Asks: 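My questions will all concern the structure given below.
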Amino acid sequence: MTSYRVRTHPDATTPTGPEDLRLLDWIPGKAESTIQLGSRAGSRFFNGWRAPRAALDLFLLGASVYCVDKATRRDSAADVWTRELSVALPVADVDAWREAPWRETLDFLTGDRWTVTPHAESRSPLDGVRGVPEDVTPVAKVDAVSLFSGGLDSLTGVIDLLEEEPDRRLCLISHNEGDQASTAQKTLIAALRAHYGAERLEVRSLFLRPAPAAAGQARPLPSERETTTRARSMLFLTAGLALASSVGPDVPVYIPENGFIGINVPLTRARSGSYSTRTTHPQFISLLRGSAARVGVSNPILNPFRLKTKGEILAGSKNPDLLRRLAPDSISCSHPEAARYAEREQGNCGYCFPCLIRRSSMAHVGWDSADRYAWDALSGKDLLDRNTRRAADLRAVINGVYADHPDRNIFRNGPIPDGEHREFLRVWRGGIEELRLWLDGATGATAEVVRLQERAVRRKAVASARAALDREADDPSGRRTPP
């Protein structure tokens with residue numbers, strides 16, 4: 001087990017505990033902190049507002065879980081995936097935290113085995129932090145908080161929310177570590193403010209990560225980082241809940257994400273279970289709602305797109321002209337920095353799963369173009385024709401789209417809560433169809449792989465039909481013999 005202890009007010013003395021105990025020291029603005037909040041230029045995320053203590057404790061959990069996830073390599077686990085993770089967390093209400101189902105919530109999200117051990121701390125995580133009021137203070141006069149990643153779904157969600165109610169004011173929260181997504185967020189926010197007015201958008205950008213080793217740290221974290229991070233949505237949502245609760249307990253937090261990628265049904269058996277991300281899976285959102293409410297944070301978490309495909313989201317936009325103009329500047333990519341190493345234009349790579357979903361949704365409304373992508377998956381040039389590792393997602397999509405899927409597959413990445421399995425089945429089938437229609441227009445190497453997969457599916461169907469006929473022929477009663 002890899003154990004961490006979170007300290008919000010570290011003592012000057014040498015920390016007690018086993019030598020392999022890792023410390024997550026929360027000291028905003030100080031080099032000795034092992035949770036880095038803000039870049040070298042500083043961070044204004046907490047300036048001028050303060051959430052109730054329950055929401056700050058929840059945010060501290062989100063920040064800690066994110067840092068633990070990134071600072072603990074999966075290849076150190078016995079199965080090279082499932083880690084045993086323990087976090088000791090300072091909170092105000094220890095009894096409430098002990099009752100909340102954090103193990104179930106975090107285990108489902110990251111595919112690991114978590115232990116969260118709360119211990120009493122009377123001082124707030126923000127006591128003594130420069131620019132933070134002493135009393136609970138709203139971040140701004142806003143009606144809702146919306147997570148804003150700079151992707152196509154979050155852009156569409158913000159436009160819809162602003163169009164629905166002309167007087168609605170939003171607080172947008174983004175998280176970044178200084179990458180291409182940060183550039184997209186800034187570009188889109190500037191365009192949205194120019195169109196709707198700066199007074200309708202309060203923006204808070206969160207720069208947070210496990211800190212690099214630095215002089216003064218009691219126990220620097222290991223230098224190597226895990227790349228298969230699953231806990232980012234935990235950080236994103238708990239930060240959003242803190243912002244919303246500073247305004248009031250009924251202020252909602254919106255997480256605009258299409259339902260197809262939300263349930264994220266594995267396209268191949270190798271990607272089943274926690275190997276497929278669950279960052280916006282309805283089961284995780286349900287578990288987080290319950291856990292947050294148990295520790296005193298009741299703000300609603302709403303996904304207005306949970307029962308829509310990405311193509312349906314674009315088709316239903318409340319301002320399609322604005323969305324179409326801004327869409328090329330959005331980043332939906334899993335690794336937007338990849339193009340830099342191939343000396344191509346950075347942005348959407350074009351070959352990862354989110355990029356493929358993005359292109360099929362754009363094709364659904366007639367907006368698709370290979371421009372603004374580093375690689376053209378629809379032709380397969382430099383992907384399938386060279387059989388690079390970059391082609392893994394494209395091959396999985398082709399294999400998954402043209403395969404025969406039983407309805408029960410929607411449960412392969414987790415249970416569907418609230419009796420909405422039929423609705424999510426429709427969304428999943430619709431997303432598959434959007435991908436298939438887009439791939440039907442493939443050329444070059446991609447078209448050849450599509451044809452091979454279609455032939456394989458037909459051969460399998462013929463073989464299955466013949467086997468069924470053989471079973472019937474072997475049954476003297478004339479009744480069909482089950483396989």
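Worth saying up front: this structure is predicted, and the values here are computed from it rather than measured.
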Asks: Working to the nearest 0.5 angstrom, can you tell me the gap between Leu147 CG and Ser233 OG?
Replies: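 Rounded to the nearest 0.5 Å, the CG-OG separation comes out at 9.0 Å.
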Asks: Could you walk me through whether Leu314 and His364 pass side chain to side chain contact (heavy atoms under 4.5 Å, CB included), step by step?
Replies: CA-CA 8 Å; Leu314 302 185; His364 182 76; over 6 Å; no
Asks: Side chains of Ser154 and Tyr254 only: does a donor on one sit below 3.5 Å from an acceptor on the other?
Replies: no
Asks: Quick one: do Arg98 and Asp93 make a salt bridge, cutoff under 4.0 Å?
Replies: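 Here Arg98 does not pair with Asp93 in a salt bridge, since their nearest N and O are not under 4.0 Å apart.
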Asks: Roughly how far apart are Thr238 OG1 and Tyr66 OH, rounded to 0.5 Å?
Replies: 12.0 Å
Asks: Quick one: does Leu235's side chain get under 4.5 Å of Phe59's, heavy atoms only?
Replies: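 Leu235 vs Phe59: side chains touch.
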Asks: Would you say the side chain of Tyr4 lies within less than 4.5 Å of the side chain of Leu221, judging by non-hydrogen atoms?
Replies: yes
Asks: Measuring only between side-chain heavy atoms, which start at C-beta, is Arg395 closer than 4.5 Å to Leu384?
Replies: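 Yes - at least one pair of side-chain heavy atoms lies under 4.5 Å apart.
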Asks: Indicate the atoms forming the closest heavy-atom contact of Leu206 with Ala239, along with that distance.
Replies: CD2-CB, 4.0 Å
Asks: Are Trp428 and His405 an aromatic pair, judged by ring center distance below 6.0 Å?
Replies: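 Aromatic pair counts; centres sit under 6.0 Å.
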Asks: Looking only at atom types and distance, does a side-chain atom of Ser379 sit under 3.5 Å from a main-chain N or O of Thr443, one as donor and one as acceptor?
Replies: no
Asks: For Arg451, is there an ion pair with Glu448 - N to carboxylate O distance below 4.0 angstrom?
Replies: yes
Asks: Rounded to the nearest 0.5 Å, what separates atom CD1 in Ile35 from atom CG in Leu60?
Replies: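 The CG atom of Leu60 is 6.0 Å from CD1 of Ile35, to the nearest 0.5 Å.
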Asks: Could you tell me whether Asp368 and Arg359 make a salt bridge, using a distance below 4.0 angstrom between a side-chain N and a carboxylate O?
Replies: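 Between Arg359 and Asp368 there is a salt bridge, with a charged N closer than 4.0 Å to a carboxylate O.
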Asks: Taking all non-hydrogen atoms of both residues into account, name the closest pair between Pro354 and Ser332 and its distance.
Replies: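 Heavy atoms only, the tightest pair is CB-O, 2.9 Å.
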Asks: So, are Arg230 and Asp112 salt-bridged, with charged N and O less than 4.0 Å apart?
Replies: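 No.
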Asks: Do the side chains of Val427 and Ile263 get nearer than 4.5 Å, heavy atoms only?
Replies: no
Asks: Distance from Thr280 atom OG1 to Ile261 atom CD1, nearest 0.5 Å?
Replies: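 So the OG1 of Thr280 and the CD1 of Ile261 are separated by 7.5 Å.
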Asks: Between Arg73 (side chain) and Glu224 (backbone), is there a donor-acceptor pair under 3.5 Å?
Replies: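 Answer holds: no.
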Asks: Establish, for the pair Arg278 and Phe108, whether the NZ or CZ atom is under 6.0 angstrom from the six-membered ring centre and no further than 45 degrees off its axis.
Replies: yes
Asks: Can Glu226 and Thr228 be said to form a side chain to side chain donor-acceptor pair (under 3.5 Å), step by step?
Replies: CA-CA 6 Å; Glu226 175 58 40; Thr228 62; 2.5 Å; yes
Asks: Go through it in stages, so that I can follow the logic: the residues are Phe260 and Leu435, the test is side chain to side chain contact (heavy atoms under 4.5 Å, CB included), and I'd like the CA-CA distance, side-chain angles, deciding distance and then a yes or no.
Replies: CA-CA 11 Å; Phe260 180 74; Leu435 281 166; 4.1 Å; yes
Asks: Would you say the side chains of Thr229 and Asp69 form a donor-acceptor pair under 3.5 Å?
Replies: no
Asks: If only atom types and distance count, is the side chain of Gln36 paired as donor or acceptor with the main-chain N or O of Pro210 below 3.5 Å?
Replies: no
Asks: For a side chain to side chain contact (heavy atoms under 4.5 Å, CB included) check, start with the C-alpha distance between Ile416 and His281, then their side-chain angles and the critical distance, and finish with the verdict.
Replies: CA-CA 9 Å; Ile416 305 296; His281 194 285; 4.2 Å; yes
Asks: Work out which heavy atom in Ser146 is nearest to a heavy atom in Leu161; give both atom names and the distance.
Replies: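 The pair with the smallest heavy-atom distance is OG-CD1, 4.1 Å.
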Asks: Using residues 84-91 as the side-chain source, report each donor-acceptor pair under 3.5 Å to any protein atom, sequence neighbours left out, with the distance given to one decimal.
Replies:
unit_1, atom_1, unit_2, atom_2, d
Glu84, OE2, Arg113, NH1, 3.3

Asks: Is there a donor-acceptor pair under 3.5 Å between the side chain of Asn299 and the backbone N or O of Gly248?
Replies: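 Pair found, side chain donor or acceptor close to backbone of Gly248.
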Asks: Would you call Asp79-Arg74 a salt bridge at under 4.0 Å N-O?
Replies: no
Asks: Salt-bridge test for Glu164 and Arg168: reply yes if a basic N is under 4.0 Å from a carboxylate O, no otherwise.
Replies: yes
Asks: If you count heavy atoms of other groups shown closer than 6.0 angstrom to NZ of Lys460, is the number above 12?
Replies: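 Atom NZ in Lys460 is not crowded, with 12 or fewer foreign heavy atoms closer than 6.0 Å.
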Asks: When you look at Asn258 and Lys308, which way does the side chain to side chain contact (heavy atoms under 4.5 Å, CB included) test go after all the steps?
Replies: CA-CA 6 Å; Asn258 71 86; Lys308 291 185 178 181; 5.8 Å; no
Asks: Would you say the ring centroid of His175 lies under 6.0 angstrom from that of Phe45?
Replies: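 When the ring centroids of His175 and Phe45 are compared, they turn out to be at least 6.0 Å apart.
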Asks: Salt bridge or not between Arg306 and Glu420? Use side-chain N to carboxylate O under 4.0 Å.
Replies: yes
Asks: How about Asn303 and Glu257: does a side-chain donor come under 3.5 Å of a side-chain acceptor?
Replies: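 No, Glu257 and Asn303 have no side-chain donor paired with an acceptor closer than 3.5 Å.
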Asks: For Thr183, does its backbone N or O pair with a side-chain atom of Thr187 as donor and acceptor, under 3.5 Å?
Replies: yes
Asks: Can you give me the closest heavy-atom contact between Asp107 and Trp114, atom names plus distance?
Replies: OD1-N, 2.7 Å
Asks: Under 4.5 Å between any side-chain heavy atoms of Arg5 and His119, yes or no?
Replies: yes
Asks: Does Asp75, at its CG atom, have more than 12 non-hydrogen atoms belonging to other residues, nucleotides or ligands within less than 6.0 Å?
Replies: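 More than 12 heavy atoms, drawn from other residues, nucleotides or ligands, come within 6.0 Å of this atom.
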Asks: With no hydrogens and no angle check, is any side-chain donor or acceptor of Asn399 less than 3.5 Å from a backbone partner on Leu267?
Replies: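 Judged by distance alone, no pair lies under 3.5 Å.
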Asks: Can a salt bridge be assigned to the pair Asp440 and Arg436 using a cut-off of 4.0 Å between side-chain N and carboxylate O?
Replies: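 Yes, charged N to carboxylate O under 4.0 Å.
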Asks: Under the salt bridge (charged side-chain N to carboxylate O under 4.0 Å, His left out) rule, what do Lys381 and Asp385 come out as? Steps first, then yes or no, please.
Replies: CA-CA 6 Å; Lys381 182 175 173 53; Asp385 56 357; 5.1 Å; no
Asks: Please name the pair of heavy atoms, one in Asp160 and one in Lys318, separated by the smallest distance, quoted to 0.1 Å.
Replies: OD1-N, 3.0 Å
Asks: Side-chain contact test, heavy atoms from C-beta onward, threshold under 4.5 Å: evaluate it for Leu170 versus Asp143 and give yes or no.
Replies: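 The answer is no, as the side chains (C-beta and beyond) never meet within the 4.5 Å cut-off.
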Asks: Side chain of Thr72, backbone of Val68: donor and acceptor closer than 3.5 Å?
Replies: yes
Asks: Do Trp367 and Leu323 have side chains that approach each other closer than 4.5 Å (heavy atoms only, starting at C-beta)?
Replies: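 Heavy-atom side-chain distance check passes, below 4.5 Å.
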Asks: Test your reading of the model: is there a side-chain donor-acceptor pair from Thr446 to the backbone of Gly380, 3.5 Å cut-off?
Replies: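 Yes; at least one donor-acceptor contact below 3.5 Å.
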Asks: Return yes if a side-chain donor-acceptor contact under 3.5 Å exists between Ser360 and Glu434, otherwise no.
Replies: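 There is no such pair between these side chains.
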Asks: Determine yes or no for a side-chain-to-main-chain donor-acceptor pair under 3.5 angstrom, with Thr277 supplying the side chain and Thr279 the backbone.
Replies: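 Answer holds: no.
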Asks: Between Arg225 (side chain) and Ala71 (backbone), is there a donor-acceptor pair under 3.5 Å?
Replies: no
Asks: Is it the case that the side chains of Arg358 and Ser330 hold a donor-acceptor pair, with the cut-off being a distance below 3.5 Å and no angle test?
Replies: yes
Asks: In Å and rounded to the nearest 0.5 Å, what is the CZ to CG distance from Arg422 to Leu307?
Replies: 14.5 Å
Asks: Between Thr309 and Gly431, what is the shortest heavy-atom contact and its length?
Replies: CG2-N, 3.5 Å
Asks: Indicate yes or no: at least one non-hydrogen side-chain atom of Arg372 is less than 4.5 angstrom from one of Asn348.
Replies: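 A side-chain contact under 4.5 Å is absent here.
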Asks: Run the side chain to side chain donor-acceptor pair (under 3.5 Å) check on Thr115 and Arg103 step by step: do they pass?
Replies: CA-CA 6 Å; Thr115 299; Arg103 175 187 287 275; 3.0 Å; yes
Asks: Can you measure from OG (Ser291) to CH2 (Trp97) and round to the nearest 0.5 angstrom?
Replies: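 Those atoms lie 9.0 Å apart.
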